[in-house]
Enquirer: 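Have a look at this one.
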Amino acid sequence: EALAAAREIGYEYNRAEALAAVAPHLPPELLPQALAAAMEIGDEYWRAEALAALAPRLAELGYPQEALAAAREIRDERWRARALAALAPQLPEGLREQTLREALAAAREIGDESARTKALAALAPHLPPKQRPHVLAEALAAAREIRDESWRAEALADLASHLPPDLLKQALDTARELPETGLFGSPSAEALAALAPHLPPGTREQVLRVALMAAAQVEQRAIITDDCEAGSASTHVSVPDTRAMILKKLAPRLAELSRP
């Protein structure tokens with residue numbers, strides 16, 4: 001009934017979300033119908049999301065070739081890499097290695113640095129141990145190329161739990177170069193707070209203190225520039241206090257700070 005209801009949803013976004021939600025629970029006899037429903041979605045992005053959810057279930061129930069075919073149908077590199085990475089652990093060893101190679105190739109083709117960082121970081125834990133440092137180094141290099149400082153901070157946070165000590169030090173250096181304040185937050189505080197738990201105790205405490213100081217400097221107002229034909233005009237507008245949001249992220253780590 002859930003699959004039938006999902007197939008009847010008119011909006012492709014909602015249909016893809018519904019198919020992705022029911023995919024892990026489908027019995028074998030309904031998988032062909034679900035796969036057909038996913039392939040009928042016209043929008044490539046939402047079709048990719050549905051296929052990415054279905055592929056691991058196909059492999060789990062004994063349809064590895066069908067699962068690979070579904071994942072390979074995804075044209076968008078981000079979703080293809082995600083589907084292949086999710087699928088790989090469910091496959092026999094020979095197919096697993098081949099699928100991981102394909103997932104890595106797809107991840108490396110992603111043009112957007114932020115999305116490429118996320119894809120490589122998600123894929124790294126599934127790769128052979130000797131290959132992981134090289135792939136993580138690629139991910140960190142991609143993160144450093146992100147021009148938007150907030151997105152760069154988020155990419156460093158995504159990488160934090162995966163990095164070996166040498167790359168963690170490089171990520172920390174990159175985080176320290178981020179500004180303390182931005183329009184809607186503190187890129188420095190957010191990146192440092194994510195990296196801190198993975199640092200040695202002495203460095204961890206120092207980094208947490210720096211992150212806390214950066215959070216305290218967050219601006220509560222933003223400047224929105226409106227470019228128009230007559231010229232450029234700047235208007236000050238109030239924005240929610242993002243300082244509280246950043247402190248909330250830091251809160252679980254503050255207990256680690258020793259009292260003066």
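The figures here come from the full heavy-atom set of this structure, side chains too, leaving out hydrogens, waters and symmetry mates.
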Enquirer: Are there over 12 heavy-atom neighbours, none belonging to Glu29, within less than 6.0 Å of that residue's CD?
Expert: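 It does: Glu29 CD has more than 12 such atoms within range.
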Enquirer: Closest heavy-atom contact between Leu68 and Leu95?
Expert: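 Nearest heavy atoms, Leu68 then Leu95: CD1-CD2, 3.6 Å.
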Enquirer: Nearest 0.5 Å please: distance from the OG1 atom of Thr203 over to the CG atom of Leu208.
Expert: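 One finds 11.0 Å between OG1 of Thr203 and CG of Leu208.
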Enquirer: Would you call Leu123 and Val135 a side-chain contact if the rule is heavy atoms closer than 4.5 Å?
Expert: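 They are not in contact (no side-chain heavy atoms under 4.5 Å apart), so the answer is no.
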Enquirer: How long is the span from the CZ atom in Arg15 to the CG atom in Asp43, to the nearest 0.5 Å?
Expert: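 The CG atom of Asp43 is 10.5 Å from CZ of Arg15, to the nearest 0.5 Å.
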Enquirer: Under 4.5 Å between any side-chain heavy atoms of Ser188 and Arg176, yes or no?
Expert: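 A side-chain contact is absent here, since even the closest heavy-atom pair is not under 4.5 Å.
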Enquirer: Nearest 0.5 Å please: distance from the CD atom of Gln170 over to the CG atom of Leu159.
Expert: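 Taking CD in Gln170 and CG in Leu159, the distance rounds to 11.5 Å.
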Enquirer: Identify the two heavy atoms, one from Ala121 and one from Pro125, that lie closest to each other, and give their separation to 0.1 Å.
Expert: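 Taking Ala121 first and Pro125 second, the nearest heavy atoms are O-CD, 3.2 Å.
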Enquirer: Show your working on salt bridge (charged side-chain N to carboxylate O under 4.0 Å, His left out) between Asp173 and Lys169 and close with a plain yes or no.
Expert: CA-CA 6 Å; Asp173 292 339; Lys169 184 179 182 303; 3.6 Å; yes
Enquirer: Counting distance only, does the side-chain N/O of Thr99 pair as donor-acceptor with the main-chain N or O of Leu84 below 3.5 Å?
Expert: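 Not a single qualifying donor-acceptor pair exists.
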Enquirer: Can you get from Leu87 to Met39 by hopping between Ile, Leu, Val, Met, Phe, Trp and Tyr side chains that sit under 4.5 Å apart?
Expert: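 No; tracing contacts between hydrophobic side chains, which count when under 4.5 Å, never links both residues.
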Enquirer: For the residue pair Gln206 and Arg209, establish whether any side-chain heavy-atom pair is separated by less than 4.5 Å.
Expert: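 No - every pair of side-chain heavy atoms lies 4.5 Å or more apart.
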Enquirer: Heavy atoms, side chains only, cut-off 4.5 Å: are Lys118 and Ile110 in contact?
Expert: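 No, every pair of side-chain atoms sits at 4.5 Å or beyond.
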Enquirer: Do the side chain of Arg47 and the main chain of Gly42 share a donor and acceptor less than 3.5 angstrom apart?
Expert: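 Yes, the answer is positive, given that a donor and an acceptor are paired below the 3.5 Å cut-off.
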Enquirer: Which heavy atom in Leu178 sits nearest to a heavy atom in Arg152, and how many Å separate them?
Expert: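 Smallest interatomic distance, heavy atoms only, reads CD2-NH1, 3.4 Å.
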Enquirer: Where is the tightest heavy-atom contact between Leu163 and Leu168, given as atom of each residue plus distance?
Expert: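 Shortest heavy-atom contact: CB-N, 4.0 Å.
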Enquirer: If two hydrophobic side chains count as joined below 4.5 Å and joins carry through other members, does Val22 share a cluster with Tyr11?
Expert: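 No, no single cluster joins them.
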Enquirer: So, taking the atom named NE2 in His134 and the one named CG in Leu120, what distance separates them when rounded to the nearest 0.5 Å?
Expert: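 These two atoms lie 14.0 Å from each other.
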Enquirer: May I ask you to decide if Glu113's main-chain N or O and Thr117's side chain share a donor-acceptor pair within less than 3.5 Å?
Expert: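 Looks like yes, one N/O pair under 3.5 Å.
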Enquirer: Would you sort out whether Arg116 and Glu145 count as a salt bridge (charged side-chain N to carboxylate O under 4.0 Å, His left out), showing the intermediate values?
Expert: CA-CA 11 Å; Arg116 186 163 74 250; Glu145 293 174 7; 3.6 Å; yes
Enquirer: Taking the side chain as every heavy atom from C-beta outward, state whether His126 and Pro89 have any pair of such atoms under 4.5 Å apart.
Expert: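 Side chain of His126 against side chain of Pro89, heavy atoms only: contact under 4.5 Å found.
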Enquirer: Would you check if Leu136 and Pro133 make a side-chain contact, meaning some heavy-atom pair closer than 4.5 Å?
Expert: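 No, side chains not in contact.
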Enquirer: Hydrophobic cluster membership, with links at side-chain heavy-atom distances under 4.5 Å among I/L/V/M/F/W/Y: are Leu167 and Leu192 in one?
Expert: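 Result: yes, single cluster for both.
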Enquirer: Hey, quick one: are Ile41 and Leu35 part of the same hydrophobic cluster, counting side-chain heavy atoms closer than 4.5 Å, chains of contacts allowed?
Expert: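 Yes, because Ile41 and Leu35 connect within a single hydrophobic cluster, where side-chain heavy atoms sit under 4.5 Å apart.
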Enquirer: Identify the two heavy atoms, one from Ala83 and one from Ala71, that lie closest to each other, and give their separation to 0.1 Å.
Expert: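 Looking at all heavy atoms of both residues, the shortest contact is CB-CB, 4.1 Å.
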Enquirer: Less than 4.5 Å apart, any side-chain heavy atom of Ser114 and any of Glu154?
Expert: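 No; the side chains remain at least 4.5 Å from each other.
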Enquirer: What closest approach, in Å, do Glu109 and Glu77 show between heavy atoms, and which atom pair accounts for it?
Expert: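 In terms of heavy atoms, the two residues are closest at OE1-CG, 3.5 Å.
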Enquirer: Using 0.5 Å steps for rounding, measure from the CG atom of Leu19 to the CD atom of Glu12.
Expert: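 Reported to 0.5 Å precision, the distance equals 11.0 Å.
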Enquirer: If you measure from CH2 on Trp79 to CH2 on Trp46, what distance do you get to the nearest 0.5 Å?
Expert: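 Reported value, rounded in 0.5 Å steps: 7.0 Å.
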Enquirer: Is it the case that the side chain of Arg80 and the backbone of Ile74 share a donor-acceptor pair, with hydrogens and angles ignored and the cut-off at 3.5 Å?
Expert: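 Answer holds: yes.
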Enquirer: Do Leu156 and Val210 land in one hydrophobic cluster if side-chain heavy atoms of ILVMFWY residues count as linked below 4.5 Å?
Expert: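 Yes, Leu156 and Val210 fall within the same hydrophobic cluster.
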